[in-house]
Q: 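Structure provided below as structure tokens; questions to follow.
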Amino acid sequence: MTVRTGPIIVAGGGGAQGIECIAYLRSAEPNVEIIAVDRGYSPAALNRLCELGATPSKLDLLAEPERLHDVLLGASIVVNLAGPFFALGTTVLDAAIKARTPYLDICDDVDATAQLLERDTDAVDA
């Protein structure tokens, strides 16, 4: 098993759950590089990300899947908190599989979870 030392990518990092996740990650791992990926950021979110030492990256996950793939290359993990999961869950997971980047999400949508689980073999193979 290869241990990755790249940044942690938080998809949906400009939202409330993303920022809370980044705050927790920062408290647990003060020196890790964290990149928040989202399609936009409120001024308050940008201020909080700055306070937490995270790097905001503006990226439309649906419109720019190839760019998402490039961001994930070399990352230690992608934490997907971007919703709605029926639209974005498979997009982020597919990019993670293609980039061979470990993936974690908080999906609680039954239909979206079924779509994610259909990719289990591909994820394990990657």
Q: To the closest 0.5 Å, what do you measure between OG (Ser76) and CD1 (Ile34)?
A: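 Nearest 0.5 Å value for the OG-CD1 distance: 9.5 Å.
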Q: Determine the minimum heavy-atom distance between Ala45 and Gly14, stating which atoms define it.
A: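 Smallest interatomic distance, heavy atoms only, reads CB-O, 3.6 Å.
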Q: Less than 4.5 Å apart, any side-chain heavy atom of Pro56 and any of Leu46?
A: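 Yes; the side chains approach each other to less than 4.5 Å.
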Q: Please check this pair: side chain of Thr101 against backbone of Ile77, looking for a donor-acceptor N/O pair closer than 3.5 Å.
A: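 No, Thr101 side chain to Ile77 backbone: no donor-acceptor pair under 3.5 Å.
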Q: Between Leu49 and Thr55, does a side-chain contact (heavy atoms from CB on, under 4.5 Å) hold up when you go through it step by step?
A: CA-CA 7 Å; Leu49 291 169; Thr55 303; over 6 Å; no
Q: Hey, is Asp38 close enough to Lys58 for a salt bridge, meaning N to O under 4.0 Å?
A: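 Here Asp38 does not pair with Lys58 in a salt bridge, since their nearest N and O are not under 4.0 Å apart.
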Q: Can you tell if the side chain of Leu62 reaches within under 4.5 Å of the side chain of Leu88, non-hydrogen atoms only?
A: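 Yes, side chains in contact.
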Q: Are more than 12 heavy atoms from other residues, nucleotides or ligands located less than 6.0 Å from atom CD of Gln17?
A: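 No.
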Q: Check Ile22 against Ala36 and note the closest heavy-atom contact, atom names and distance.
A: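 Between these two residues, the closest heavy atoms are CD1-CB, 3.8 Å.
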Q: So do Cys107 and Gln115 actually touch side chain to side chain, heavy atoms under 4.5 Å?
A: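 The answer is no, as the side chains (C-beta and beyond) never meet within the 4.5 Å cut-off.
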Q: Examine Val32 and Tyr24 and state if one hydrophobic cluster contains both, with Ile, Leu, Val, Met, Phe, Trp and Tyr joined whenever side-chain heavy atoms are less than 4.5 Å apart.
A: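 Hydrophobic grouping puts Val32 apart from Tyr24.
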Q: Rounded at 0.5 Å granularity, tell me how far OG in Ser57 sits from CG in Leu68.
A: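 One finds 9.5 Å between OG of Ser57 and CG of Leu68.
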Q: Would you say the side-chain atoms of Glu64 pair up with the backbone N or O of Asp60, donor to acceptor, closer than 3.5 Å?
A: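 Yes, because the side chain of Glu64 sits within donor-acceptor range (under 3.5 Å) of the backbone of Asp60.
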Q: Could you check if a side-chain atom of Val124 sits within less than 4.5 angstrom of a side-chain atom of Asp122, using non-hydrogen atoms only?
A: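 A side-chain contact is absent here, since even the closest heavy-atom pair is not under 4.5 Å.
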Q: Is there side-chain contact between Val78 and Val71, with at least one heavy-atom pair below 4.5 Å?
A: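 Of all side-chain heavy-atom pairs linking Val71 with Val78, none is under 4.5 Å.
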Q: Test side-chain contact (heavy atoms from CB on, under 4.5 Å) on Phe85 and Thr113 and set out the steps.
A: CA-CA 8 Å; Phe85 275 95; Thr113 298; over 6 Å; no
Q: Do the side chain of Arg119 and the main chain of Ala123 share a donor and acceptor less than 3.5 angstrom apart?
A: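 Checking the backbone N and O of Ala123 against the side chain of Arg119, no donor-acceptor pair under 3.5 Å is found.
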Q: Going by the side chain to side chain contact (heavy atoms under 4.5 Å, CB included) test, name the single residue among Ile9, Val37, Ile35 that passes it with Leu59.
A: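 Answer after filtering Ile9, Val37, Ile35: Val37.
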Q: Should Glu66 and Lys98 count as an ion pair when the cut-off is N to O under 4.0 Å?
A: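 Salt bridge flag = yes for Lys98 with Glu66.
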Q: Mind checking the CZ-CG spacing from Arg67 to Leu72? Nearest 0.5 Å is all I need.
A: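 Going from CZ on Arg67 over to CG on Leu72, the span is 11.5 Å.
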Q: Within this structure, what is the CZ-NE2 distance for the pair Arg100 and His69, rounded to the nearest 0.5 Å?
A: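 Rounded to the nearest 0.5 Å, the CZ-NE2 separation comes out at 10.5 Å.
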Q: Which atoms form the tightest heavy-atom contact between Ala63 and Pro65, and what is the distance?
A: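 Nearest heavy atoms, Ala63 then Pro65: C-CD, 3.3 Å.
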Q: Does one hydrophobic cluster hold both Leu116 and Phe86, with members joined at side-chain heavy-atom distances below 4.5 Å?
A: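 No, no single cluster joins them.
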Q: Check whether any side-chain heavy atom of Ile106 lies under 4.5 Å from a side-chain heavy atom of Asn80, and answer yes or no.
A: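 With C-beta onward as the side chain, the pair stays apart.
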Q: Between Tyr41 (side chain only) and Asn47 (backbone N and O only), is there a donor and an acceptor less than 3.5 Å apart?
A: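 Looks like no, no N/O pair under 3.5 Å.
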Q: Any chance you could measure Asp105, atom CG, to Leu93, atom CG, to the nearest 0.5 Å?
A: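 Going from the CG atom of Asp105 to the CG atom of Leu93 covers 7.5 Å.
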Q: Assess the residue pair Val79 and Leu81 against the criterion (side-chain contact (heavy atoms from CB on, under 4.5 Å)); give the C-alpha distance rounded to whole Å, side-chain angles, the decisive distance to 0.1 Å, and a yes or no.
A: CA-CA 6 Å; Val79 181; Leu81 306 175; 4.0 Å; yes
Q: Applying side-chain contact (heavy atoms from CB on, under 4.5 Å), run through Leu61 and Val92 and close with a yes or a no.
A: CA-CA 7 Å; Leu61 298 170; Val92 178; 4.0 Å; yes
